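Computation of the quantities below employed the complete heavy-atom set of this structure, encompassing side-chain atoms and omitting hydrogens, waters and symmetry-equivalent molecules. Please read these numbers as outputs of a predicted model, since none were measured by experiment.
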Amino acid sequence: QVQLVESGGGLVQPGGSLKLSCAASGSIFSKYTMAWYRQAPGKQRDLVARITRLDNTNYEDSVKGRFTISRDNAKNTLYLQMNSLKPEDTAVYYCNIYPTRPDYWGQGTQVTVSS
């Protein structure tokens, strides 16, 4: 019954910004820490950032200071504000709980950083 739908990706030049959204159904916002993950071609899917129900946040070192994770529990929506984007940020971005549940993966949203 849980569904996660990512949106907001696109093509952006280096140094640009994007804001990703993750719309959730079910009861996961009342139960779990939420997180953003990303997967570049030929690479594993890695944790980018996570946020607890009390808004405690953690970030992967390469995005710290550039990305901000947030949540709106009333709207069952997770966000990722991405600033100062670099080509190495190019990937498909996914949301999930933390730790992940395989059946919760959505389709992801493509972020491409290129000049």
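- Note that CZ of Phe67 is 5.0 Å distant from CG of Leu85, once rounded to the nearest 0.5 Å.
- Side chains of Val111 and Leu18 form a contact here, defined as non-hydrogen atoms less than 4.5 Å apart.
- Here salt bridge (Lys or Arg N to Asp or Glu O under 4.0 Å) pairs that include residues 84-93, with residues two or more places apart or in two chains, are Arg38-Asp89, Arg66-Asp89.
- With Thr90 contributing its side chain and Val113 its backbone, the two residues share a donor-acceptor pair below 3.5 Å.
- Residue pairs meeting the disulfide (SG to SG under 2.5 Å) criterion with at least one member in residues 38-71: none, sequence neighbours excluded.
- Scored by the side chain to side chain contact (heavy atoms under 4.5 Å, CB included) test, Asp103 finds Arg101 as partners (sequence neighbours excluded).
- The structure places CE of Met34 at 7.5 Å from CD1 of Ile97, a figure rounded to the nearest 0.5 Å.
- Residues meeting the side chain to side chain donor-acceptor pair (under 3.5 Å) test with Gln13, sequence neighbours left out: none.
- Using a 4.5 Å cut-off on side-chain heavy atoms (C-beta onward), Leu54 and Asn56 make no contact.
- For Gln107, the side chain to side chain contact (heavy atoms under 4.5 Å, CB included) criterion is met by no residue, not counting sequence neighbours.
- Every residue two or more places apart in sequence or in another chain that forms a side chain to side chain contact (heavy atoms under 4.5 Å, CB included) with Ala40 is listed here: Lys43, Ala91.
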Which donor-acceptor pairs under 3.5 Å do side chains of residues 3-12 form with protein atoms, sequence neighbours excluded?
residue, atom, partner, partner atom, Å
Glu6, OE1, Gly108, N, 2.9
Glu6, OE2, Cys95, N, 3.0

Please table the atom pairs, donor to acceptor, closer than 3.5 Å between any side-chain atom in residues 74-81 and protein atoms at least two apart or in another chain.
residue, atom, partner, partner atom, Å
Thr77, OG1, Lys75, O, 2.9
Gln81, NE2, Asn83, OD1, 3.0

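- Counting side-chain heavy-atom gaps under 4.5 Å among Ile, Leu, Val, Met, Phe, Trp and Tyr, the cluster of Val92 also holds Tyr37, Leu47, Tyr94, Tyr98, Trp105.
- The closest side-chain heavy-atom distance from Thr57 to Arg50 is not below 4.5 Å.
- Among residues at least two apart or in separate chains, there is no disulfide (SG to SG under 2.5 Å) pair with a member in residues 45-80.
- Residue pairs meeting the salt bridge (Lys or Arg N to Asp or Glu O under 4.0 Å) criterion with at least one partner in residues 53-64, sequence neighbours excluded, are Asp61-Lys64.
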Residues Trp36, Ile69; criterion side chain to side chain contact (heavy atoms under 4.5 Å, CB included); working and verdict: CA-CA 8 Å; Trp36 284 97; Ile69 188 171; 3.6 Å; yes
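- Here the closest heavy-atom approach between residue Ser115 and residue Pro14 is recorded as N-CD, 3.7 Å.
- Every residue two or more places apart in sequence or in another chain was checked for a side chain to side chain donor-acceptor pair (under 3.5 Å) with Thr68, and none qualifies.
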